[in-house]
Each structure stands twice: as C-alpha cells, then as structure tokens.
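Chain letters run A, B, ... following the sequence lines, proteins first and then strands; every chain starts at 1.
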Amino acid sequence: MKVLLRNPRRELDIPGPRRVHALLNDLDLNRESHLVIRNGTLVPSDEELGADDVVEIRPVISGGSL
Amino acid sequence: MKCRVCREPAIIDVPRHNANFCAPHFLDMCRKQVLKAIDDFDMLTKDDRILVAVSGGKDSLAIWDMLIDLGYEADGLYIGLGIGSYSDVSGDYARAFAAERGLKLVEISLRDDYGYDIPTATRATRRVPCSACGMSKRHLFDKAALDGNYTALVTGHNLDDEAAVLYGNTLRWELPYLARQLPTLPARNGFPKKVKPLVRLSERETAAWCVVRGIDYLVDECPMAAGNRHLNYKDALNKIESQSPGTKTAFYLNFVDKVAPLLSAFALSDDLVLAPCNSCGAPTTGEVCAFCHLVKTASAHEPVPVELITGRGARRR
Ligand code: SF4
Ligand SMILES: [Zn+2]
Ligand SMILES: [Zn+2]
C-alpha cells in the first residue's frame, strides 16, 4: 500500500494487508496523535488496509502557545 | 468495530470514552461535549456577539463550524502573522471557509497594519518565536473584540492544548499562571470575555470533526513551532494517554474542578494595578503596554525572512 506521511511530507510503500494499529506501531506513531484516512474517510484502528490501498497518516498535533 | 450508538460500522475509535462511533454519532458526541463545556463553564448565550479567533488550522475552523451548526452567530478574526508561506496558505484556508459559508471574517495584517511580522519580531526581541507571536495575538484579539463590540472571544484551544499548558505550569508550580488557566475568563478591566469551548475535545477529535465535515484546513505545522516545550509536553502526555486512556481528560478537568478554585486568590492580584497604556489605551501594568513596546522594537528592525529563523541561519546566531 501507499502511505502518505507529513512533517516532512513523504510517501512509503508498505506491504499489505495490514491492520491500522499494526501499521502505526510499525512506524512508531502514537494513535493518540494521528488519524488514518483512506479515500477521504477515517479508518478505525482495527480495520484491515489492503495491499492496493492509498492511505494518509495525518498528524493532529499543533504546536505553539497562545 | 461497531458504533456504540447504532451498531453500524465505526469510522473512529475514541479510547478515552472506551467507545467507537459511526460518522453521524461521532459528530453528535462532539456537539454534546462542546455544549457541556459551554453549559458547565457559563461560556456563551445565544445573545452573545461572538468573535472566533481563526488561524486556518483544524481547531479554530472546527469550533467556528460547530458554533454555527449549534445555532450561534459568530464572526471570525484572522491575523496575518507574516510567517512566510505558512501564513499565506493559512489565510487562504480561513478565507475559503468563510466564503463558502457566507460568514464574516475580519482580517488584520501585522506587516500592513503594524509594520512588523513574527520572524522579524523574533529576531528583534531575541526571544522564542511563540513569545512575540502569542503576545501579539492576545493583544489584537482583545482589541478586535472591543472595537467590534463583540461580547465574547472564542479560541480553539482543545483538551491537549490545555493539558499541555497545565503540565508545563505544574512542573514549575507557576501559581499565578495556574490560577488563570480557566476555560472561561469573564470580561474585566477592558478585556472581553474569553472562552474555550473545545476543552472537552482532544485534538484528534477536532481533526476528525474536520475530516468528517469535509473542512479543508492547513495540516502543516507552523515552521516556528518546531522543538518548542509545548510540543514536548503534548508528546509526553500522549505517551501516558496511550497507556491509560482518559488521563489527559482527568488531569485537566479535575484541575479546573478541584484545584483552580483553591488558587483564585493568586489570579486577581494583578487586577488592581492595571491602567490604560499611554499609547494605545489597553490595560497594562506599565506606562506603555508590552504590545506597543514590541511594535516599536520590531517595526524599527529590517524585515527578517522566516527561513533565517527556522533554517541554519538561526543556529549560527
Ligand atoms: S507556533 Fe508559535 S510562532 Fe507559530 S503561530 Fe503558533 S504561537 Fe505563533
Ligand atoms: Zn452510529
Ligand atoms: Zn499599548
């Protein structure tokens, strides 16, 4: 599957199928600070991502103090 | 995974509620949390004239969207900070959001209206970027709210923001800051009422609100935020949260409920000595307020591009 990551923006090829929580673990990303999006829709953590899927892993943490 | 409410397939798991939700029931959960915050902390009434501080990021667009969705009337305020392409793009998102919904967006530009920008102010003051930035924003939010006769200023601070600030202030036992860290600050001494209706939602949830509602927002981070303390605190709290879901919620909401009332004596102490700034009239403890001082220093400095602050040029100094 194709995985789009941000900060910095990059794309990875990862063999599938793979469950969302396993993918986040593999990439050492905390579920609390990321959303996984496939075709514009959120994907919950137990969902299986297929080998042909294109997914975005979107960080949700904003910096800065106000 | 099935939705806790309707048993249809879920789109998101929310570990702190030990629940999964489909899209419509996730939005319902968010609305309920915001309404509960508004109600518990006496934030807003339908008669309030509301100004939302909008950055083009997920939180401010989510709360503006939710308030309109819940039947409140609210205008937006966008401040152009002059942080290179980050500011250009964030302004585009804020303007597009307002235009698509026929909402009013008030705009201020630091460079055009005050003769400086945040990278230049950072270099001129030799402090961390968020210091000049936060101070400029706080001053201009207050001023815009008062000038426009708004009765309430809404900011998009979420549970993670508040928990991180609380964590930092607690590590240092900053009592006056702790005492002031409330979800609602009533109007006083020329400052408008300030409220944070997103304090019961995590930033994962406010981002998910935007995705589900189809709101385009600026995902990329402010280039000047990298490595600041606030991000380290969020990181630390999220490590704890993933082991024990609900910790951030308990940490912050129990503070507001049980500890903040005990600290109220510390909060009022600077109230007594405020007088109008000689230059702009804003309440201040000195003759000239910190903002007017910053404007003077930063506008006298030659413009500094953001790359000089964030790139290698910054380290060499
Ligand atoms: S991260 Fe800091 S410099 Fe960037 S917008 Fe936020 S407060 Fe300003
Ligand atoms: Zn449902
Ligand atoms: Zn002043």
Original post:
If you count heavy-atom pairs under 4.5 Å between each of A:Pro59, A:Ser33, A:Ser45 and chain B, which one has the most?
Top reply: A:Ser45
**OP:** Measure distances from B:Asp59 to the heavy atoms of chain A and classify the residue's part below 4.5 Å as side chain, backbone, both or neither.
**Re:** side chain
Subject >> Top of B:Val212, B:Asp235, B:Val211, B:Thr206 for chain A proximity - count of heavy-atom pairs under 4.5 angstrom >> reply: B:Val211
Subject >> Heavy-atom side-chain proximity of B:Asp13 to B:Pro15 below 4.5 angstrom >> reply: yes
**OP:** Heavy-atom distances under 4.5 Å only: say whether B:Asn238 touches chain A with side chain, backbone, both or neither.
**Re:** both
**OP:** Pick one of side chain, backbone, both or neither for A:Ile61, based on which atoms fall under 4.5 Å of a heavy atom in chain B.
**Re:** both
Original post:
Between the main-chain N or O of B:Met1 and the side-chain N or O of A:Asp46, is there a donor-acceptor pair closer than 3.5 Å?
Top reply: yes
**OP:** Select one option (side chain, backbone, both, neither) describing which atoms of A:Arg58 are under 4.5 Å from chain B's heavy atoms.
**Re:** side chain
Original post:
B:Met66 pairs by side-chain contact (heavy atoms from CB on, under 4.5 Å) with which of B:Leu61, B:Leu201, B:Leu27?
Top reply: B:Leu201
Original post:
Do you know which of B:Val219, B:Leu237, B:Ile12 has the most heavy-atom pairs under 4.5 Å to chain A?
Top reply: B:Val219
**OP:** Give the member of B:Asn158, B:Asp220, B:Val128 that has the highest number of heavy-atom pairs under 4.5 Å with chain A.
**Re:** B:Asp220
Original post:
So what's closer than 4.5 Å to chain B heavy atoms on A:Asn30: side chain, backbone, both or neither?
Top reply: side chain
**OP:** Would you mind telling me which of A:Val36, A:Leu23, A:Leu5 makes a side-chain contact (heavy atoms from CB on, under 4.5 Å) with A:Leu29?
**Re:** A:Leu5
Subject >> B:Gln181 (side chain) donor-acceptor with B:Glu162 (main chain) under 3.5 angstrom >> reply: yes
Original post:
Picking from B:Tyr233, B:Tyr177, B:Tyr252, what satisfies ring pair (Phe, Tyr, Trp, His ring centres under 6.0 Å) with B:Tyr167?
Top reply: B:Tyr233
Original post:
Quick check: are there more than 12 heavy atoms from other residues, nucleotides or ligands sitting under 6.0 Å from CZ of B:Arg31?
Top reply: yes
